[in-house]
Each structure stands twice: as C-alpha cells, then as structure tokens.
Protein chains: 2
Amino acid sequence: MNYNYEHDLNKGISVDCVIFGFDFEKLKVLVIRRKPVENISESLVSLPGDLIFNDENLDQAAQRVLKELTDLENIYLEQLGAFGDLDRLSKPSDIAWLRSNRAQPEARVITVAYYALVNLNAFDPKPSNFAESVSWEPVEDIKSMAFDHLEIFNKAREELYRKLKIQPIGFNLLPKKFTLSQLHKLYEAIVGRELDKRNFRRKMIKLEIVKKLDEKQKGVPHKPSNFYEFHVENYKRLVNKGFDNFGF
Amino acid sequence: MNYNYEHDLNKGISVDCVIFGFDFEKLKVLVIRRKPVENISESLVSLPGDLIFNDENLDQAAQRVLKELTDLENIYLEQLGAFGDLDRLSKPSDIAWLRSNRAQPEARVITVAYYALVNLNAFDPKPSNFAESVSWEPVEDIKSMAFDHLEIFNKAREELYRKLKIQPIGFNLLPKKFTLSQLHKLYEAIVGRELDKRNFRRKMIKLEIVKKLDEKQKGVPHKPSNFYEFHVENYKRLVNKGFDNFGF
DNA sequence: GCAAAAGTGTTAACTGTACACCCATGA
DNA sequence: TCATGGGTGTACAGTTAACACTTTTGC
C-alpha cells in the first residue's frame with residue numbers, strides 16, 4: 001500500500017485494535033513492538049492501529065488494520081469507544097516515535113478503539129508498516145503499554161468479560177470444531193476464575209447452543225473428547241426469546 | 001462564551017449528547033430545534049452537541065454542552081462511542097444548516113456520543129448558540145432526527161436499558177427523595193413493559209439499595225407514599241461482592 | 001497397569017414469578 | 001362514602017451451586 005498521507009489521512013483521528021486470541025491454554029493479546037527510533041531504548045509494546053483515511057468509515061479503518069496484520073477478513077469486531085485525553089501522546093518515547101512516523105507529530109489525536117476476537121491458530125501475524133515485530137502475549141503479562149494503550153486494553157478486557165455474560169462471543173476465539181473442555185478453559189480464562197466443569201457443560205448443553213458432532217479427538221493419551229460446533233440457529237432463537245444472561 | 005473558532009476548535013470531531021429525563025410519567029429526551037436557515041422549511045429535531053475545543057478532553061466537551069443547556073454540573077454521563085459513517089452529514093437540510101453554522105461545512109466530522117441522566121424537575125432547559133428552542137420529548141415519539149442522530153438516540157436507549165439491568169443508574173433520573181412507585185414507574189418506562197409491583201418493591205428493599213425516610217407525601221388524594229433515598233453505601237457494598245444483575 | 005483428561009447425577013438453597021386484597025387520604 | 005393509588009404475603013417452578021467417581025485412551 002502506498003498512500004499520499006497529506007491528502008488521504010484524517011490527521012486527527014486514529015483507530016487502535018485490541019486483538020484477542022486463545023491458544024487453548026491462555027487468553028492472549030496481539031501486541032506490536034515499534035521499530036526503534038532516535039536514541040530511545042525503551043521499547044514498550046503497543047496496540048496495532050493507524051490513522052483513518054477520509055474515504056473510509058471507522059469500522060472499515062479497524063478492519064483494514066486487522067487485515068494488514070492477520071490477512072483475515074470478517075473478524076468479530078466491536079467498538080470500545082473514543083479515547084481523547086489531552087496527555088495521551090505525552091510520554092517521551094511516544095513523542096520520539098511519532099516524530100519519525102507522522103507528518104504532524106505534535107497534533108492532537110483522538111483514537112477510536114476496537115476489540116477483535118480471532119482464532120489464533122488460523123494464521124501467523126506478520127509485521128506491518130509501523131511494527132518491527134508482532135507477538136501474542138498472555139493478557140495477564142501485560143503491565144505497561146505505550147500511549148494510553150494500557151487504559152484501552154483494560155477497557156477491552158472488561159468489555160469482553162461483560163459481553164461474555166450476555167452473549168456467547170467466545171466461539172469466535174475457537175476453531176469451528178472444538179471440545180467442551182476447550183470451551184470451558186476459554187470461559188475460565190476470560191472470567192478469571194474456576195468454573196465447575198459439570199455445571200458449565202450442563203448449561204451449554206441445556207441451552208442447546210452447541211451441536212454435538214460425530215467426531216472425536218485422535219491420538220490423545222486419555223479418553224478422547226467429542227467435538228462440538230456452535231449452534232447458530234438455536235442461539236438466534238434464544239436471543240429472540242429475550243435471553244441475555246449466561247450467569248457467569 | 002465567545003471563542004475564536006479558527007484557532008480553538010478541532011474541526012473534525014464533535015460531541016453529541018442524548019439527555020434523558022423522567023417526569024414521573026414518561027421517559028423523555030432533550031432535543032433542540034435548529035434555527036431555520038436559507039429556504040429549508042423542514043425542521044428536524046437534533047441532539048445537542050458541539051465541536052470540541054483543542055484544550056479539553058472528550059468528557060469535558062460533553063460536560064460543557066450539558067452545562068450550556070441545563071446549567072447543571074456533575075451530571076451522570078457515559079460515552080456511547082464514536083460515530084463516523086461517511087454519509088452522516090449528507091441530508092440536504094443538514095448541509096444547509098452546516099453551511100450557515102460551521103467554518104468548514106463540507107468537512108468530514110466524526111462525533112463522539114454521550115448519554116446523560118438528569119432530574120428534569122431541577123431545571124428549565126434554555127436555548128443555546130445553535131438552538132432556536134429546546135424541549136423534552138417522550139422517547140417513544142421520536143421517529144426521525146437530523147444527521148445520524150436517530151441512530152445515536154437508539155443506541156442510547158439500548159445502552160440505558162442494558163446498563164439498568166446491571167447498575168441502579170435510574171436514581172440519577174429522580175430527585176433525591178422519591179417514592180417506590182415513582183421508581184417503579186421509571187423502571188417500567190425504561191424497560192418498556194410492566195413489572196410486577198410487589199416483586200419490584202421486594203427486590204429493591206431486599207437488596208437494601210433504598211433507605212426508607214421518615215417522611216410521607218402530603219396533600220395527595222390517596223394513601224400517602226413513603227419517601228426513600230438511594231442507599232449509596234449499601235450499593236457499593238453490593239458491587240464489591242460482585243453483584244451486577246438486577247434481572248430486569 | 002498407570003497417567004491423564006473426559007464424562008456424568010443428585011441434592012439443597014435460592015431466586016423468579018404469578019397472583020388479590022386491605023389501607024390511608026382528600027374531595 | 002368513594003375514588004385513587006399505596007402497600008403487603010404466599011406458593012410453585014426454575015435455576016444455581018456444591019460435590020466425587022467411572023471411563024477411555026496412549027504409553
């Protein structure tokens with residue numbers, strides 16, 4: 001891609017994306033390490049993002065950032081809101097980075113944040129224009145971030161949790177076929193505490209939002225687990241009845 | 001207030017506020033009727049809003065708009081998110097209005113929307129810079145709005161409902177002292193259906209988030225109702241225990 | 001045969017829901 | 001005394017929460 005930044009970019013507004021993934025063990029977030037600039041050695045991770053083009057809407061800008069990193073389209077994506085504190089770009093290392101990457105480094109920039117849920121086994125993230133490297137980090141290891149990205153990240157975790165209680169969005173983090181144990185582990189990773197295995201399975205099965213497949217795990221050194229799919233039609237039926245409380 | 005728009009305003013970003021009020025009968029929203037411009041007779045109502053100054057953050061801009069209309073400060077305020085569809089300013093009557101009120105009428109503007117909850121008995125709204133008149137309209141009467149304000153308004157109603165289920169924000173719409181019947185009516189207005197009176201009262205009393213006062217209604221032609229207050233401390237205690245489901 | 005994770009039922013406590021009558025007041 | 005809204009209890013159904021052992025597989 002090769003854009004004329006002077007004319008196409010809206011210089012006051014950016015998007016940033018909190019991209020969640022699940023490796024069957026831990027909930028992870030995709031972060032980028034910026035290319036080093038000037039003589040700043042500090043290397044905070046940050047969220048993928050970019051300025052917005054004048055001919056795309058906000059959702060499209062977020063989709064573009066995701067596509068550049070993951071090559072995936074039609075990703076589950078929700079807006080978190082706008083962040084516009086006056087000091088959001090004031091850390092010394094952030095200013096240095098902006099000076100070498102933006103046409104108007106001192107400009108005030110308001111960012112619109114999104115969170116995305118992806119099946120991280122489906123792709124390898126690749127470095128983009130602004131990133132030296134891209135990596136999946138366990139969410140509980142994230143202690144600091146560039147700009148105001150830690151604030152955005154924390155908001156994203158809260159929203160993910162809040163949403164999981166009222167909608168079964170977790171399926172977006174899993175492959176099409178999954179086991180109930182994987183789903184169970186995922187829910188525990190998001191809510192941050194243990195959930196009773198029997199009660200969890202009973203709830204999912206009773207709500208009929210999972211469809212049992214005629215296929216089991218192979219080659220595992222223990223009783224093989226049955227595969228399931230998300231049952232979209234049944235879930236839609238539930239929603240129409242007004243259901244919105246999973247009780248986690 | 002008298003600002004130099006060329007220098008102080010961020011021309012690409014505005015805030016718009018959905019201000020809810022409750023008159024003990026219906027849920028209402030504060031709308032403005034724009035001053036007529038050119039030869040456009042159509043007079044759609046719109047949400048109060050303004051461009052953002054470069055020396056204020058997003059929340060402060062929203063507070064400023066509220067203060068200008070209501071003279072109230074410390075209002076309950078939540079951000080709804082950013083709205084940036086490319087066609088959000090494309091209706092003919094909107095373009096005419098922008099031409100006579102904005103320095104760069106053709107500029108793309110992204111808006112950050114907020115909703116606010118106020119006790120509408122505490123003040124009379126007053127016309128502001130951009131508004132010919134200001135009025136409270138029952139939410140169910142709103143069928144169309146200028147710009148993309150109907151979309152924002154609908155999102156605000158959804159969020160108000162969603163939030164009411166997990167937090168007792170309704171108290172912000174009532175005076176400090178209120179009766180349980182008023183609270184009951186308010187909840188019915190927001191959730192949009194009848195709620196059993198006994199079950200409702202039992203729930204509020206059992207959760208201990210209302211404090212019974214030693215004071216009754218006077219001069220009413222029926223059994224006088226007891227006044228209550230919101231019990232902030234007890235509610236905080238509930239939150240700390242992880243409570244977040246009122247079940248409406 | 002053993003290690004490892006899958007899969008399965010019951011009970012008690014709590015919560016939600018449906019429902020109808022008497023009470024206190026002003027006019 | 002009547003019209004108006006305030007205020008109260010009970011029973012049934014459904015949901016949540018706690019808890020431990022047997023099964024199937026690979027090695």
Side-chain angles (χ1 to χ4, degrees), chain A residues 23-26 164-166 168 174 177-189 191-229 238 241-248, chain B residues 22-26 164-166 168 174 177-189 191 193-229 238 241-248:
Chain A
D23 64 0
F24 300 128
E25 287 297 326
K26 289 180 165 186
L164 193 77
K165 296 204 247 186
I166 60 175
L174 293 172
K177 297 174 189 175
F178 52 84
T179 70
L180 289 187
S181 295
Q182 290 167 345
L183 187 63
H184 180 220
K185 257 201 174 137
L186 169 59
Y187 270 71
E188 289 188 327
V191 305
R193 69 191 141 88
E194 284 196 0
L195 299 171
D196 183 272
K197 181 168 61 157
R198 280 168 291 189
N199 293 337
F200 177 83
R201 295 167 74 98
R202 189 179 11 254
K203 176 171 278 173
M204 290 296 157
I205 291 165
K206 181 157 149 279
L207 288 174
E208 299 184 289
I209 56 176
V210 285
K211 198 189 302 183
K212 189 171 186 172
L213 300 177
D214 191 18
E215 187 182 348
K216 291 178 192 223
Q217 284 182 317
K218 277 179 188 152
V220 289
H222 54 74
K223 181 169 175 177
S225 188
N226 216 299
F227 282 113
Y228 287 78
E229 267 181 16
L238 264 187
K241 282 193 225 162
F243 179 84
D244 69 348
N245 188 357
F246 283 82
F248 292 112
Chain B
F22 180 63
D23 64 1
F24 300 128
E25 288 297 327
K26 290 180 164 186
L164 194 75
K165 296 205 248 186
I166 59 175
L174 292 172
K177 297 174 190 175
F178 52 85
T179 71
L180 288 187
S181 296
Q182 290 168 345
L183 188 63
H184 180 221
K185 255 199 173 138
L186 169 58
Y187 270 70
E188 289 187 329
V191 305
R193 72 192 138 87
E194 285 198 0
L195 300 171
D196 183 89
K197 182 167 59 158
R198 280 168 291 192
N199 294 337
F200 178 83
R201 297 167 73 97
R202 192 183 4 257
K203 177 172 278 175
M204 291 297 158
I205 291 166
K206 181 159 148 278
L207 288 173
E208 298 184 290
I209 57 176
V210 286
K211 198 189 304 184
K212 191 171 187 172
L213 300 176
D214 192 19
E215 187 181 349
K216 290 177 193 224
Q217 283 182 317
K218 278 180 188 151
V220 288
H222 54 75
K223 179 171 175 178
S225 189
N226 217 300
F227 282 113
Y228 287 78
E229 268 181 14
L238 263 186
K241 281 193 224 159
F243 179 84
D244 69 350
N245 188 359
F246 282 81
F248 292 111

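Residues satisfying the salt bridge (charged side-chain N to carboxylate O under 4.0 Å, His left out) criterion with A:K216, sequence neighbours excluded, are absent altogether. Scanning for salt bridge (charged side-chain N to carboxylate O under 4.0 Å, His left out) contacts around A:E229 gives A:K211, with sequence neighbours left out. Residues satisfying the salt bridge (charged side-chain N to carboxylate O under 4.0 Å, His left out) criterion with A:K177, sequence neighbours excluded, are A:E215. Partners of A:Q217 by side chain to side chain donor-acceptor pair (under 3.5 Å), not counting sequence neighbours: none found. Taking B:K26 as the reference, B:E140 meet the salt bridge (charged side-chain N to carboxylate O under 4.0 Å, His left out) condition, with sequence neighbours excluded. With sequence neighbours excluded, the residues that form a side-chain contact (heavy atoms from CB on, under 4.5 Å) with A:N245 are B:N245. Under the side chain to side chain donor-acceptor pair (under 3.5 Å) criterion, A:E208 pairs with no residue, sequence neighbours left out.
Only A:K197, A:R198, A:R201, A:R202, listed by number, bring a heavy atom of residues 197-204 of chain A to less than 4.0 angstrom from any atom of DNA chain C. Of the residues in residues 221-229 of chain B, B:P221, B:H222, B:K223, B:P224 come within less than 4.0 Å of DNA chain C through at least one heavy atom, sorted by number.
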(request) Given ring pair (Phe, Tyr, Trp, His ring centres under 6.0 Å), test A:F178 with A:Y228 step by step and report yes or no. (result) CA-CA 5 Å; A:F178 52 84; A:Y228 287 78; 7.1 Å; no

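Residue B:Q217 contributes atom CD, which lies 15 Å from atom C1' of C:dC23 at whole-angstrom precision. The separation between A:K218 atom NZ and C:dA4 atom P is 25 Å, rounded to whole Å.
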Solution key, residues 194-201 of chain A side-chain donor-acceptor pairs under 3.5 Å, sequence neighbours excluded:
unit_1	atom_1	unit_2	atom_2	d
A:D196	OD1	A:R198	N	3.1
A:D196	OD1	A:N199	N	2.9
A:D196	OD1	A:N199	ND2	3.4
A:N199	OD1	A:R202	NH2	2.6

Pairs under 3.5 angstrom only: tabulate donor-acceptor contacts from the side chains of residues 218-225 of chain B to other protein residues two or more places apart or in another chain.
none

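From the 5' end on, the contacts that DNA chain D makes with chain A at under 4.0 Å to a non-hydrogen atom open and close at D:dT15 to D:dG26.
Regarding contacts with the backbone of C:dA5, every side-chain N or O of A:S181 stays at 4.0 angstrom or more from both OP1 and OP2.
Within the nucleic acid shown, A:K216 has no heavy atom closer than 4.0 Å to any nucleic acid atom. Residue-level contact check: A:K206 touches the backbone only, with heavy atoms under 4.0 Å from sugar-phosphate atoms and none from bases.
Judged by a 6.0 Å distance limit and a 45° cone about the ring axis, B:K212 is not positioned over the six-membered ring of B:F227.
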